[in-house]
Amino acid sequence: NHPETWWKDAAVYQIYPISFFDSNGDGIGDLRGIAGKLDYLRDLGVDVLWLSPIYRSPQADMGYDISDYRDIDPRYGTLEDYDALLAGVHARGMKLMMDLVVNHTSDEHAWFRESKSSKTSAKRDWYIWRPPRYDAAGNRQPPNNWKAVFQGSIWEYDEASDEYYMHLFLSKQPDLNWDNPAVRLAVWDLMEFWIARGCDGFRMDVINLISKVPGLPDAPVTVPGDTYQDARVLFANGPRVHEYLQEMHREVLSRHDMITVGETPFTHDAAALARYVLPQNRELNMVFQFELTDVDSPRGSPRQPFTYRAWTLPEFKAVVHRWQTLQRAEGFWNSIFIENHDMGRAVSRWGNDSDAWRAVSAKMLAVLEVAQSGTQYVFQGQELGLRNFPRAWDIEEYKDVATQNWYNEVLENRRAETGRDDVDMSDIMDGLQKKARDHGRVPMQWNASAHAGFTTGTPWMRVNDDYATWNAEAQLADADSVHAFWKRALRLRKEHKVLIYGDFLLLAPEHEEVFAFRRIYGARRALVLLNFTARRVAFALGPELPDDERGALRLALGNYPAGPAETGEALGAEVQLREYEARVYVS
Ligand code: TEU
Ligand code: CA
C-alpha cells in the first residue's frame, strides 16, 4: 500500500524568501541570496525547496496577495534570477516547489481590476460579487455575517457598482470564483507556465477554501453582539472542492511527475481531509493538516488567534497517533511539519527555549519529526533551533498584518468597553510572544556579524537578539549543535526506511511525560522514546514490546552527546531518560 516514491522519501525545506539571505544590501532577502546558500541546504540533507511566494505582489500579506502570477516581484529579482536559481537547485540533485496561491489574488491583479471595472465586464464573474442587504432600519449591510480571517467582514463595498466582493482574508485579497470554468482554465495555464520553466511541485495555499457553500448562508451567532461571526466551518471543504482538484489533476498534475501538498486549515476533520490525499481520488499527494499545531490553541468559538492554551502530552500524542494511523490501508500519506511561516517556533511552543534546555529539546523535537511516517518538512531556521523573539519586544516590532489587526481589534474593543485609552494588553502580548506568525519571519541567523550576516544593509525586520551566539556558522563548526543533529537525523531517516514507511504503534498513550512509539515495516523495527519534560524519567517498556523484539533493537540516534548515543547499545526493560532525552532504536 505504500510504494516507495521520491516525494515520500524527500526532506522539504521551506524558504521564506524575504528573510533568508539578502544578496544586494537592500535589507530584503532575494533569489540570488537563496542561490548562494544551495550548498548549505544540500549539505543539510535537503531534497526539495519550497519557496513562499516570490511573484509580483503589493505585499499586503507578504506575497500571499499576487498581482502577476507570471513574474517575479522586483524586490526578489527577475525571471532570469529564477531560472539561474532553478538550474543551481537541479545541478545539486534537488527540486523546487512553488507556492500556488489561487484561492484569491491581489486586488491589484489585472483580473480583479477588470472585474471591478463594471458589472458587465467579461471578468465580473471571476470574483464573488453580491448586492447589499438592508436591515430593518434600511441601512446597507454586507451580504452575510462572516468574519474574515484577518478580522472585519469578508465583504468589501464597491461604491461604483453598489456591490460587495468577497475576501476571506484581507480586502486586498479578493477571492476568485472557482465555480467559473474560465477561472479554473486560467489557473491550469499559470501552473503550466511554471512547470514549463522547470518547477517540480506546488504547495497550494488554503486549497480547501476554493469552493464556497451555495447561498453563502449566515454563520450561527457564537458571540452575541458581534457584527461578524466566526464562519470557518462554512469556509472549509466546500461542495465542489474535490471536483475542482480532480479536474486539476486530470488537466495538469497527471501529465507531470510532481510533488503536491495542499494547505488545509480551519478543519481537523480527518476523514474529510483524507479525501484530498487518497490515491484513488487523484487529487493531491498530501495535505498540511493543523490539528497538531493547533493543540495549544483555545477550543471552539470565539476564534482567538495567537492565544496560547496549556496542553498536555496525552492530547498531543493522540493527535499524532490519529494521523499516523489514518486510512493507511487505503494509501493516505502524511506531511510532517511542526513549524512554518504562520506560527511560533517549535522549540518555544513544544520544547523548552531556556538556555539550559534549548538545544537538547530542539533535538528531541527533530527526532519527533524524522521518526514519523510521511514527507518531512523543515522550516528555515528550525535546523538551528531558532526560538521566538523576546517578550520585551514592542508591538511595533511585529510586522504581520494579522498580528496588527488582531491587536488593534482587541485594543479598540477594550477601549470602547472601559472608556479609557490605557487599557491592559499584556495578555495579548503574551499570546503574541508565543504564537505570532512574526517569529518565523525574522531574518535567518547566519553568523555573528551585524544583523546576523543576513544583510549588509538595514534588515526589513528586526533580527532576534540571540544571533551572536546562535547562528549557522557557529553550529556548522560544532559537532554537537542542533544543526549537526538535524543532519544526522535526516540521514538516519534515509538509511532506515522503517522510519518513513513503517506502521505506527503508540505505547503508553496516557503517560504524561514520555512519548513512546514503535514502527514496523516488514521485518524492520524501530522504537522511539521522547522525554518531553525537564525531569529525569524512568520509563518501563511494557508487554506491548515483545522480548525478542526488544532484544534485537540497537540505539541508532540520541540527543545526549556524552551518553550512549550511536554505540549500538542494547535496550533494557526500563530506560532512564534524561531531561528532554530522545532515543531512536532500530533493528
Ligand atoms: O495561511 C492560511 C491561514 O489562514 C492560517 O495559517 C493563518 O496564518 C492563521 O490562521 C493566522 O491566524 C495561508 C498562508 O500560509 C498565510 O501566510 C496567508 O496569510 C494566508 O494563507 C492567506 O493567503
Ligand atoms: Ca535584496
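Counting convention: from 1, in listed order, for ligands and their atoms alike. Throughout, residue positions are numbered sequentially from 1 according to the sequence presented.
Within ligand 1, the atoms closer than 4.0 Å to a non-hydrogen atom of His104 are 22 (C), 23 (O), numbered from 1 in the order shown. For ligand 1, the atoms sitting less than 4.0 Å from at least one non-hydrogen atom of Val206 are 2 (C), 21 (O), numbered in the order shown with element in parentheses.
At the top of the distance list for atom 18 (C) of ligand 1, counting protein heavy atoms only, stands Asp61 OD2, 3.3 Å. The protein non-hydrogen atom at the shortest distance from atom 1 (O) of ligand 1 is Glu263 OE2, 3.1 Å. Closest to atom 4 (O) of ligand 1 among all protein heavy atoms lies Phe169 CE2, 3.1 Å. At the shortest separation from atom 7 (C) of ligand 1 among protein heavy atoms lies Arg437 NH1, 3.8 Å. For atom 23 (O) of ligand 1, the closest non-hydrogen atom of the protein is Asp205 OD2, 2.8 Å. Scanning the protein heavy atoms around atom 5 (C) of ligand 1, the nearest turns out to be Asp342 OD2, 4.2 Å.
No option in Phe379, Phe288, Phe337 other than Phe288 meets the ring pair (Phe, Tyr, Trp, His ring centres under 6.0 Å) test with Trp50.
Only the side chain of His341 comes within 4.0 Å of ligand 1, judged by heavy-atom distances. Under 4.0 Å from ligand 1, the heavy atoms of Arg441 that appear belong solely to its side chain. Counting heavy atoms under 4.0 Å from ligand 1, residue Phe266 touches it through the side chain alone.
With a 4.5 Å cut-off on side-chain heavy atoms, Thr260 and Leu100 do not count as touching. Residues Tyr64 and Gln173 have side chains in contact (heavy-atom distance under 4.5 Å, counting atoms from C-beta outward).
Residue Lys435 places every heavy atom at 4.0 Å or more from ligand 1. Not a single heavy atom of Met343 sits less than 4.0 Å from an atom of ligand 1. Residue contact annotation: Trp406 has no non-hydrogen atom under 4.0 Å from ligand 1. Ligand 1 has at least one atom lying under 4.0 Å from a heavy atom of Arg303. At least one heavy atom of Phe150 lies less than 4.0 angstrom from ligand 1. Ligand 1 has Arg203 within reach: a non-hydrogen atom of the residue lies less than 4.0 Å from it.
Between Thr105 and Trp111, the side chains place no donor N or O within less than 3.5 Å of an acceptor N or O (distance only, hydrogens not considered). In summary, the side chains of Ser115 and Trp129 do present a donor paired with an acceptor at a separation below 3.5 Å, with no hydrogens or angles considered. Judged by distance alone, the side chains of Ser19 and Trp460 do bring a donor and an acceptor atom under 3.5 Å apart. No hydrogens or angles considered: a donor-acceptor pair under 3.5 Å links the side chains of Ser52 and Gln14.
Trp446 and Tyr467 have their aromatic ring centers separated by at least 6.0 angstrom. Taking the six-membered ring for Trp and the full ring otherwise, His109 and Tyr69 have centroids separated by under 6.0 Å. If you look at Trp194 and Tyr82, their ring centroids are closer than 6.0 Å.
Below the 3.0 Å limit, the Ca ion (ligand 2) has as protein N, O or S neighbours Asp22 OD1, Asn24 OD1, Asp26 OD1, Ile28 O, Asp30 OD2.
Protein heavy atoms are absent from the 4.0 Å sphere centred on atom 9 (C) of ligand 1.
Seen from the ring of Trp178, Lys212 does not count as a face-on cation partner, given the 6.0 Å and 45° thresholds.
Partners of Asp218 by salt bridge (charged side-chain N to carboxylate O under 4.0 Å, His left out), not counting sequence neighbours, listed by chain and number: Arg133.
With respect to the salt-bridge test (charged N to carboxylate O, under 4.0 angstrom), the residues Arg441 and Asp342 qualify. For the pair Arg56 and Glu108, the salt-bridge criterion is not met [side-chain N within less than 4.0 Å of a carboxylate O].
With rounding to the nearest 0.5 Å, the separation of NZ in Lys95 from CG in Leu86 is 10.5 Å.
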